[in-house]
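Below: the structure, in structure tokens.
Here, residue 1 is the first one in the sequence, and each next residue gets the next number. Counting starts at 1 for both ligands and their atoms, in listed order.
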Amino acid sequence: MASENGTSLGTSVARRFLFVANRFVAGDSARAAMDAIETLNAAGLSATLDYLGEDVRSRDEALRTRDEYVVLLAAIRARRVQSNVSLKLSAMGLLVDEDFAYENVAAVAAEAKKNADPFVRIDMEGSAATDATLRIFERVHAVHANAGPVLQAYLKRTPADLERMLALGARVRLCKGAYDEPAEIALRAMPEIRSAYLRMAESLLSRGTYPAIATHDVRIVEAVRAYAAERGFARDAFEFQMLYGIRPELQRRLARDGYRVRIYVPYGTHWMGYFYRRIMERRENALFVLGSLLKK
Ligand SMILES: Cc1cc2nc3c(=O)[nH]c(=O)nc-3n(C[C@H](O)[C@H](O)[C@H](O)COP(=O)(O)OP(=O)(O)OC[C@H]3O[C@@H](n4cnc5c(N)ncnc54)[C@H](O)[C@@H]3O)c2cc1C
């Protein structure tokens, strides 16, 4: 896998970063990502593909990202893999102009309708983008029924956003939240975040449209399984989602138990932002990276 920073970082440091990043990123190219998805599909797991990139400030780069998704959707059809796509609005031009980003997402949603799985997930980014992301989602949803938003359990505003999304019948992915947000707007303690997550997961399971429970937290996974079983919800009425390279044994166990499991598969050369969030959300990862950088 190549590095977007390969020339500026010392080559040996870059090589060590790449070694760790390879655990979380499926490769440089759509072709490498397709190979990874075929392996996941063979193990009973579906995928959602993400072309890495964020905080794009030029129209041309955002248009290139939109075009990459169009090519990617065609590749999914050609390879007949079980996958849909996830995208970030800051890669589709949100920082350039909100209407421009909307047009790009709407173009991807229209193209995705040619696919066996036409769904387009709009990832949620930092809190500065929450309002615009939900606004754009609502505009896309009014025209294309095949898009869905992400809600972050750690944000204090999310219970209200959840009601808004439930009223629309939106297909929601629920996650804890991966950005460093201040205590005024976000829960910071894990037990509180977990409780908020579970309350909202229950609302989604009982009142939502095919929700996605995105977490590697075994306590949440077990609580969701128990809640769904107690109420007699079918195992295919929702899906678990996990990230490529994280807890693969849990991913496979849930699939063997008859649950739907979708893996978020990122690819591309702009992996640094994604990689940084994966490193920072787990102390062991940060220590591992630090240790490998200090090795002679
Ligand atoms: C499919 C999917 C899509 C996501 N989309 C978004 C999004 O759009 N916006 C957003 O803000 N966040 C998103 N996230 C990230 C999410 O918000 C969390 O930051 C991330 O999932 C870690 O929280 P957790 O629920 O897995 O629980 P944690 O308590 O953080 O982790 C539980 C266990 O999982 C394992 N684990 C978790 N993270 C790592 C890691 N980085 N490396 C190694 N092991 C790990 C560890 O064993 C850990 O003990 C997404 C997550 C998933 C699974």
(request) Take Tyr210 and Glu239 through the side chain to side chain donor-acceptor pair (under 3.5 Å) test and state the conclusion after the steps. (result) CA-CA 7 Å; Tyr210 192 64; Glu239 64 186 31; 2.7 Å; yes
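Taking the six-membered ring where the residue is Trp, Tyr51 and Tyr267 present tilted rings, their angle falling between 30° and 60°.
At least one donor-acceptor pair closer than 3.5 Å links the side chain of Arg23 to the backbone N or O of Gly245. Formation of a donor-acceptor pair under 3.5 Å by the Tyr264 side chain with backbone atoms of Ser86 is not found in this model.
For a heavy-atom separation below 4.0 Å, the residues in contact with ligand 1 are Arg23, Phe24, Asp123, Met124, Val150, Gln152, Arg173, Cys175, Lys176, Gly177, Ala178, Tyr179, Met190, Ala214, Thr215, His216, Asp217, Gln241, Met242, Leu243, Ile246, Arg247, Tyr264, Arg278, Glu281, Arg282, Asn285.
Checked against Asp217 for a side chain to side chain contact (heavy atoms under 4.5 Å, CB included), the options Arg247, Arg194, Glu222 give a single hit: Arg194.
Between Glu138 and Arg164, at least one side-chain nitrogen of the basic residue sits less than 4.0 Å from a carboxylate oxygen of the acidic one, meeting the salt-bridge criterion.
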